[in-house]
Amino acid sequence: MRTFGVLFCILVVAVVVPAFLGVPACMGIEPTQPVTKNGGKWRIAYYEGGAYVDYKDCMRSIIGGLMSLGWIDKAELPRLGGDVPKPYWNWLSKESKSRFLTFREKDAYSALWSDEQRATTRVEVLKKLQSGDIDLIIAMGTWAGQDLANNRHHVPTTVVSTSDPINAKIIRSAEDSGLDHVTARVDPDRYLRQVRMFHRLTHFKRLGVAYEDTPDGRIYAAMPAIEKVAVERGFELVTCNLDDSQADRDAAGRACLECMQALAANADAIYLTALLSIDEQLKPIAELLKNKKVPSFSMLGSKYVKEGILMSISTDEGYEAQGVYDAGKIARILNGAVPRTLEQVFPAPLDIAINMATAKTIGFTVPNGILRIAHQIHGAETQ
């Protein structure tokens, strides 16, 4: 009788209480330890819109997370320079060792930031998923998430590195992906926090922002968040429209530098958004903004501060934490969790990275309070 009572209590805690709270009963309790697929290996696939620095960092951190959980044998990952399509997939398919996962060269796809290529690649990826050969796919970025968050397949899909998966219509809300086979990582207030902090520190009245004026471009640049803070705090937006996805990257680079020159002449500060051309022209952009003595903030993180942008969030440890989170979701799914039941909200830490050499050049006095809490300080040796 006592045994029955204990079992009944466990049932209440595991099922009734979560249901009462509106939480799926299995959320958060699935194991993450490595398991085989009936003695074999799970087949993992990958899809991205194109090469982008954030995708490279995210993929590296996910691999590190899978290593820490024991799904992949620990090894030293190569350092990849520049923006590399399908980052680390060549290493995964040819050099990684795992008793549990397999990464085949033909299971990774990139649309190469081409609308035409995207249409073709989407069909190829969906056909592969419909074949039943793939056990889980990593959808890297907004394009990939949009192409796979549908009922044209039912392969578990984890979506990472998206600026705003809700407005991109990848997931229904932060609490619910809307599809059983889909889960994403979301931080609804990430860019609100960034812009508010930048305004609080620099007190700008006119904020310069470059972005591609398309539905996807507005999402990549977090324009809804920027516009919301502009209304909330009463500053003006000075914008510049860029064709960031054009095939001629030299032309895109020239247009980007012209755009930055115009913004620097008309704005008190500049918020650098997620644009491929900004990443490609980072060093000349940083020099331009320093010469114009314009405070700058990158939405993407530490790499930009190291190259001369005034400030951003510190992402080095943030990527590691995200990798553990994403790897944990993959592990739970392969252990039987329904992707839709997994927690999607993962707030990015608002740890500050600041470049003291840039601050000195532009005449910006860094508050002592910021120096005390800054997670990364670059350029201090020049002070």
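Predicted model only: the values in this text are computed from it and were never measured.
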Would a 4.5 Å heavy-atom cut-off, applied to side chains only, mark [X] and [Y] as touching?
X: M299; Y: L272; value: no
X: Y304; Y: L282; value: yes
X: E320; Y: S61; value: no
X: W91; Y: I63; value: yes
X: I138; Y: V160; value: yes
X: Q322; Y: R185; value: yes
X: F235; Y: R206; value: no
X: Y109; Y: E124; value: yes

Drop me the distance from [X]'s [atom1] to [Y]'s [atom2], to the nearest 0.5 angstrom.
X: I278; Y: I270; atom1: CD1; atom2: CD1; value: 9.0 Å
X: L112; Y: T120; atom1: CG; atom2: OG1; value: 11.0 Å
X: I62; Y: D326; atom1: CD1; atom2: CG; value: 4.5 Å
X: I377; Y: M311; atom1: CD1; atom2: CE; value: 12.0 Å
X: I354; Y: L201; atom1: CD1; atom2: CG; value: 7.5 Å
X: L300; Y: S163; atom1: CG; atom2: OG; value: 7.5 Å

Is a donor on one side and an acceptor on the other found under 3.5 Å between the side chain of [X] and the backbone of [Y]?
X: H199; Y: F204; result: yes
X: N266; Y: A262; result: yes
X: N241; Y: D213; result: yes
X: T358; Y: G308; result: yes
X: E236; Y: K205; result: no
X: T273; Y: L275; result: no
X: H154; Y: H181; result: no
X: D244; Y: L276; result: yes
X: D189; Y: L192; result: no
X: S93; Y: R104; result: no

What closest approach, in Å, do [X] and [Y] show between heavy atoms, and which atom pair accounts for it?
X: Q344; Y: Y325; answer: O-OH, 3.2 Å
X: L342; Y: A337; answer: CD2-CB, 4.0 Å
X: P295; Y: T202; answer: CB-CG2, 4.1 Å
X: I219; Y: N167; answer: CD1-O, 3.6 Å
X: N355; Y: V305; answer: ND2-O, 2.8 Å
X: V366; Y: A359; answer: CG2-CB, 3.8 Å

State yes or no: do [X] and [Y] share one hydrophobic cluster built from I, L, V, M, F, W and Y residues joined by side-chain heavy-atom distances below 4.5 Å, directly or via other members?
X: I330; Y: V155; answer: no
X: V338; Y: I134; answer: no
X: Y211; Y: Y191; answer: yes
X: L237; Y: V294; answer: yes
X: I309; Y: Y220; answer: yes

Do we see a donor-acceptor contact under 3.5 Å between the side chains of [X] and [Y]?
X: Q376; Y: S302; answer: yes
X: K56; Y: Y52; answer: no
X: D147; Y: Y47; answer: yes
X: K329; Y: T183; answer: yes
X: R152; Y: Q130; answer: no
X: S131; Y: D133; answer: yes
X: E95; Y: N90; answer: no
X: E212; Y: S245; answer: yes
X: S110; Y: E48; answer: yes
X: Q281; Y: S277; answer: no
X: R60; Y: Y88; answer: yes
X: R118; Y: Q146; answer: yes

Ion pair check, D135 and K41, cut-off under 4.0 Å: no

L101, T158, T157 screened by side-chain contact (heavy atoms from CB on, under 4.5 Å) with L136, the one that passes: T158

Aromatic ring pairing Y271/F198, orientation class (parallel under 30°, perpendicular over 60°, tilted between): tilted

Aromatic plane relationship, W113 with Y55 - under 30° parallel, 30 to 60° tilted, over 60° perpendicular: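 Aromatic pair Y55/W113 classed tilted.
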
Salt bridge (charged side-chain N to carboxylate O under 4.0 Å, His left out) evaluation trace for E175 with R340: CA-CA 9 Å; E175 296 75 26; R340 187 176 185 174; over 6 Å; no

Under 3.5 Å donor-acceptor pairs involving side-chain atoms of residues 64-87, not counting sequence neighbours:
from: S68; atom 1: OG; to: G65; atom 2: O; distance (Å): 2.7
from: W71; atom 1: NE1; to: T32; atom 2: O; distance (Å): 2.9
from: D83; atom 1: OD1; to: V53; atom 2: N; distance (Å): 3.1

Within 6.0 angstrom of E105 CD, more than 12 heavy atoms from elsewhere: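 Not buried by this count: 12 neighbours or fewer within 6.0 Å.
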
D57/K303 under salt bridge (charged side-chain N to carboxylate O under 4.0 Å, His left out): CA gap, chis, key distance, verdict: CA-CA 10 Å; D57 292 335; K303 168 194 169 181; over 6 Å; no

List the atom pairs, with distances to 0.1 Å, where a side-chain N or O of residues 283-292 and a protein N or O form a donor-acceptor pair under 3.5 Å, not counting sequence neighbours.
from: E287; atom 1: OE2; to: K290; atom 2: NZ; distance (Å): 3.0
from: N291; atom 1: ND2; to: E287; atom 2: O; distance (Å): 3.2

Ring pair (Phe, Tyr, Trp, His ring centres under 6.0 Å) evaluation trace for W89 with F103: CA-CA 7 Å; W89 201 263; F103 307 89; 5.4 Å; yes

Salt bridge (charged side-chain N to carboxylate O under 4.0 Å, His left out) partners of D107, counting only residues at least two apart: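 Here the qualifying residues are R43, K128.
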
